[in-house]
Amino acid sequence: MILVQDQLKDQSEVRIDIEDRGYQFGDGVYEVVRIYNGQYFGMEEHLIRLERSAREIQMTLPYSIELLKERLEKLAKANDIRDGHVYLQITRGVAERTHQFPLQQAPFLVAYARKSPRPLSKMKDGITAITTEDIRWLRCDIKSLNLLGNVLGKQKAMDTKCDESIFIRNDIVTEGSSTNVYIVKNGEIWTHPANNFILNGITRQVVLDIAKETGITVHEETFTKNELMDADEVIISSTTMEVTPVISIDGTQVSNGEPGKVARTLQEKFNERIAQLQRVKN
Ligand code: PSZ
């Protein structure tokens with residue numbers, strides 16, 4: 001079953017109009033929320049970000065956050081998801097194709113839930129990355145359906161048999177093609193400030209919270225490609241990749257090529273947050 005507007009439907013019953021602005025312009029916003037042991041992780045934060053993304057493109061969500069939460073709970077249950085994620089998108093809806101918004105906007109919502117395992121071996125062993133020029137637009141803070149820059153970045157990583165592209169804009173490390181990026185130097189963390197050049201990841205916010213709670217100093221300041229290559233540790237985070245160490249960049253090892261201590265600490269505390277969620281709900 002999938003969620004269409006505010007109703008659960010069989011996927012085979014659902015047709016998407018070719019004049020949906022999501023299809024023609026990528027005119028819409030989305031979220032991905034993780035499900036652990038049948039419970040959503042950070043749902044409130046994801047929906048608040050969704051509302052913000054919509055507002056920034058002058059769209060109004062068709063339903064309240066409360067109603068969305070309720071329907072998404074039903075969606076996860078109807079699909080019997082224990083470990084997985086939900087994908088939710090809202091487009092500006094169907095209208096005759098003109099660049100400007102239609103006079104009457106009718107936002108169109110679709111969401112589906114899928115089973116997906118945690119990336120345990122990547123979290124344990126680390127991943128490889130390349131650096132790539134950040135060719136995206138200047139509103140990367142909006143989680144919009146327009147993902148060509150991210151798609152091309154990820155493909156370039158895959159073509160070189162790496163897991164992720166780390167974007168560089170004017171010598172500054174912004175973020176990964178679908179992840180936030182951190183470096184560790186002398187036990188302290190640096191990550192790009194949450195401005196228009198990056199998506200302020202929900203996982204990023206959890207990571208920074210954990211760091212503060214653990215007494216690890218965090219600098220929400222820009223750092224350069226040289227500082228990336230010279231870091232003691234490099235770490236990425238996202239809803240699906242959680243907290244994952246990067247062990248090589250552009251074919252060069254990060255430090256000794258092994259996941260570092262700060263990554264391990266963050267992972268341990270992140271696991272505690274997941275376990276906590278299950279205790280609260282049970
Ligand atoms: O399924 C996947 O591979 C996912 S689900 C979410 C992401 C990838 N990435 C979100 C993301 C992003 O697209 C960019 C450009 N920067 C950072 C992130 C991390 O955001 P959160 O932590 O909210 O998932």
Side-chain angles (χ1 to χ4, degrees), residues 26 28-36 40-53 56 72 81 83-89 111-123 127 129-158 162-169 172-182 189 191-211 220 222 234-244 246 266-267 269-270 273-274 277:
V29 294
Y30 78 106
E31 281 294 331
V32 181
V33 189
R34 199 83 176 73
I35 304 167
Y36 295 110
Y40 282 115
F41 186 77
M43 175 61 91
E44 181 81 16
E45 290 80 1
H46 280 281
L47 291 180
I48 288 171
R49 184 172 67 185
L50 180 72
E51 199 169 51
R52 176 186 182 275
S53 293
E56 292 297 318
L72 292 171
I81 310 285
D83 281 295
H85 62 271
V86 66
Y87 174 86
L88 162 70
Q89 71 164 47
Y112 57 80
R114 293 272 157 83
K115 295 188 166 109
S116 54
R118 296 176 65 189
L120 295 174
S121 67
K122 288 195 163 157
M123 289 195 286
I127 62 161
I130 56 168
T131 57
T132 318
E133 192 191 344
D134 192 343
I135 59 166
R136 298 173 303 160
W137 72 331
L138 299 176
R139 290 304 306 273
C140 299
D141 56 311
I142 300 171
K143 202 163 171 61
S144 100
L145 296 176
N146 272 281
L147 288 173
L148 268 179
N150 308 66
V151 166
L152 293 174
K154 184 73 86 184
Q155 185 57 38
K156 196 167 167 196
M158 296 296 133
C162 286
D163 299 292
E164 180 59 311
S165 261
I166 296 176
F167 289 145
I168 314 286
R169 196 190 284 274
I172 298 294
V173 175
T174 53
E175 61 181 338
S177 73
S178 64
T179 56
N180 290 113
V181 176
Y182 314 78
I189 296 176
T191 194
H192 196 288
N195 59 20
N196 62 301
F197 293 111
I198 68 160
L199 182 75
N200 187 6
I202 303 304
T203 322
R204 176 185 182 277
Q205 294 166 43
V206 174
V207 164
L208 297 190
D209 195 53
I210 288 172
E220 288 185 73
T222 58
V234 176
I235 300 166
I236 54 122
S237 78
S238 80
T239 292
T240 42
M241 290 308 292
E242 301 186 13
V243 178
T244 296
V246 178
L266 295 174
Q267 287 179 327
K269 299 278 172 192
F270 198 87
R273 299 263 175 138
I274 296 170
L277 168 91

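In listed order, ligands and their atoms are each counted from 1. Heavy-atom basis, side chains included; hydrogens, waters and symmetry copies ignored.
Ring geometry for Y112 against Y87 counts as parallel: the plane angle stays under 30°, on a 0 to 90° scale with 60° as the upper cut.
Note on R136 versus E175: salt bridge recorded, some NZ/NE/NH1/NH2 to OD/OE distance being below 4.0 Å.
For the pair R169 and F167, the NZ or CZ position fails the cation-pi test of under 6.0 Å to the six-membered ring centre and within 45 degrees of the ring normal.
In this structure a side-chain-to-backbone donor-acceptor pair under 3.5 Å is missing from R34 to E242.
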Ligand 1: which protein N/O atoms lie under 3.5 Å from its N/O atoms?
residue: ligand 1; atom: 1 (O); partner: T240; partner atom: OG1; Å: 3.2
residue: ligand 1; atom: 3 (O); partner: T240; partner atom: OG1; Å: 3.0
residue: ligand 1; atom: 9 (N); partner: S178; partner atom: O; Å: 2.8
residue: ligand 1; atom: 16 (N); partner: E175; partner atom: OE1; Å: 2.7
residue: ligand 1; atom: 22 (O); partner: I202; partner atom: N; Å: 3.4
residue: ligand 1; atom: 22 (O); partner: T203; partner atom: N; Å: 3.0
residue: ligand 1; atom: 22 (O); partner: T203; partner atom: OG1; Å: 2.6
residue: ligand 1; atom: 23 (O); partner: R49; partner atom: NH1; Å: 2.9
residue: ligand 1; atom: 23 (O); partner: R49; partner atom: NH2; Å: 2.9
residue: ligand 1; atom: 23 (O); partner: I202; partner atom: N; Å: 2.8
residue: ligand 1; atom: 24 (O); partner: T239; partner atom: N; Å: 2.9
residue: ligand 1; atom: 24 (O); partner: T239; partner atom: OG1; Å: 2.6

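By the 4.5 Å heavy-atom criterion applied to side chains, H85 and T239 are not counted as neighbours.
Screening T179, T244, T132 for a side-chain hydrogen bond (donor to acceptor under 3.5 Å, both in side chains) involving E164 leaves a single residue, T179.
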